[in-house]
Amino acid sequence: MGDCLLAWHWSLSGTNYTEEKQLGTMRSLFFLFFVHLLALGSGKAVFKNGVSQRTFREIKEEIANYEDVAKAIINLAVYGKYQNRSYERLGLLVDTVGPRLSGSKNLEKAIQIMYQNLQQDGLENVHLEQVRIPHWERGEESAVMLEPRIHKMAILGLGSSIGTPPGGITAEVLVVASFDELQRRASEAKGKIIVYNQPYTGYEKTVQYRVQGAVEAAKVGAVASLIQSVASFSIYSPHTGIQKYQDGVPKIPTACITVEDAEMMSRMASRGNKIVIHLEMGAKTYPDTDSFNTVAEITGSMYPEEVVLVSGHLDSWDVGQGALDDGGGAFISWEALSLVKDLGLRPKRTLRLVLWTAEEQGGIGASQYYELHKANISKYSLVMEADSGTFLPTGLQFTGSDKARAIMKEVMNLLQPLNVTKVFSNGEGTDINFWIQAGVPGASLHDDLYKYFFFHHSHGDTMTVMDPKQMNVAAAVWAVVAYVVADMDEMLPRS
C-alpha cells in the first residue's frame, strides 16, 4: 500500500516501559524509554471530513517502536525466568483433574481451580460467566466382530450418540468409502451396521463423516454406524468427537473405530467375506447443566472499554487428559497475560482472557458469550483463539480486511528473533467465529496440524505430547501479538 492515505482513525499517545531485570541465563534486560509523537499536542486523531489522514508509513513506524518490548516478552518467555511456566501450569491441572467433558464434575473442578489460579496470578476482573451446556456420558461400550473371525475392536462412542438397546445390536456390516457409495448401495443397507472407510483428505473435509455419518446411515435404514477415526496417523487408536442428529431422521448409535479396523473390514468385504458385529453402547444424554466461561483481564490504560480477546477452551473430551486439545491453547493464552503483567506493561486497550466451556459440543459457551457481549462488538479490535495445538508455530492465521492484514504483517515482523513471522489466511476458530462473521478481525496460531491430528480426541492426548520449549515459543508469539494490537494507537480496521 506504500504511503497511500488510509481511512483509519488516528490517536497517538506516549507509552513508557519499566525496567525489568531477567534472571538465569539471560543478561540484565532494561527497557528503553520511548515516546510516540503527539498529533497537534492533543493525542487525538487528525480528521478531514471524518477520514483519518494517517499514512501506512506512520503505522509501520509505530509498530517498529515495539521492537524492544517484543524482545523483552520473547526473552522472558523463551529464555528467562518464566520459561516452561505454561507447561508446568498445564501439567499440574491435567494431572490433577484429568479429562474435562462438558457437564462433568471434572470440568467444573477445573473451572474452579482456574478461577483461583487467575486471581492468585494477580490478573484483574477475574470472574465466571454462567452458561448452560450439554451433558452426555458414554457409559460402557464395546464392539466385537463375530464373523469372519472373533475380534474385539477398539471403539469410542461419538458425542450425543444414543446407546444401543439392552443386549446390544448384532448385525451384518456394509462397508462404504463415501456418502456417494452409500447412496449407490442404499438397497443393501437396511438393517445393517454401516462402516465408513473414508480416506483422510484433511480434517475439515473428512470430519463430515464423523458429524453426519449416523444421519446418512439412518436415512437408508441402517441400525448403527461405525466411522473410521478422523486421524492423520494411527497406532490402533480410536478418536471421538461430536456428531449431530437431524430432525425427522431416526437416531442410531454411532462410534468411531480405528483406521486399522476400518481398512481391515474394507479388505474383507472386497473379498466377499460376510462381516457381523455385536455392538453395545451405554451412552446417555442428560438435561443441560450450568457451567461457566472463565474470564480475566489486564484493564486498558486509555481505552478500557476496547478489547483484544485472547482465548482457548478449558473443556475436553473424556479420554486422555485434554492436554493438547485444548489445555495447551488455554494455558498459552493465560501465559500471554501473565507475561504482559510480569513485565509491568499495561496496554491502552483491555486484554481479556476467556477460557471457554463446552467448545467440543459446538462452541456452546462461546455462543452464549457472544449473545451477552455482542452489543459492544464495535469495541473489539481482535479476537484470538488457540485451538490447534502448541507445536512450534510457523506464523499466525488471520481473517480480516486487507488493511488489517497489512498491519498484522508488520506486527509479526516483531517476531523475527523467533523466526515466526508469516501471516496465513483462515484465522477462524469455533469459539471466535461468531465475532469474525460479524466483521471483527480474528487470529489463530499456525503450527503442525498434521501431527496434531495424531492425538486429537484420543487416549493419546496427554502431557507426553506437549513440548515445554515449543509452548514457550507459542506463548511468546501469542503475547507479542496480543499486547501490540492492544497497545497501538488505533483499533484494527475492518472491512
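Owing to the predicted nature of the structure, the values given are computational and were not obtained by experimental measurement. Along the sequence shown, residues carry numbers from 1.
- Summarising the local packing, CG of N419 is surrounded by 12 or fewer heavy atoms from other residues, nucleotides or ligands at distances under 6.0 Å.
- Remark: F455 pairs with no residue by the ring pair (Phe, Tyr, Trp, His ring centres under 6.0 Å) rule, at least two apart or across chains.
- More than 12 heavy atoms of other residues, nucleotides or ligands sit less than 6.0 Å from atom CG of L449.
- By the 4.0 Å N-to-carboxylate-O rule, R85 lies too far from E88 to be salt-bridged with it.
- Remark: side-chain polar atoms of Q470 are paired, donor with acceptor, to backbone N or O of L392 under 3.5 angstrom.
- Contacts of N472 classified as side chain to side chain donor-acceptor pair (under 3.5 Å), with partners at least two apart in sequence or in another chain: N84.
- Remark: E137 does not engage K284 in a salt bridge, criterion side-chain N to carboxylate O under 4.0 Å.
- Residues passing the side chain to side chain donor-acceptor pair (under 3.5 Å) test with E181, sequence neighbours excluded: R185.
- Salt-bridge check for D326 with R100: failed, with every basic side-chain N at 4.0 Å or more from each acidic carboxylate O.
- Under 4.0 Å is where a charged nitrogen must lie from a carboxylate oxygen, and between E305 and R349 no such pair does.
- Without hydrogens or angle criteria, E428 side chain to N433 main chain gives no donor-acceptor distance under 3.5 Å.
- Taken from CD in E129 to CG in L372, the straight-line distance is 5.5 Å, to the nearest 0.5 Å.
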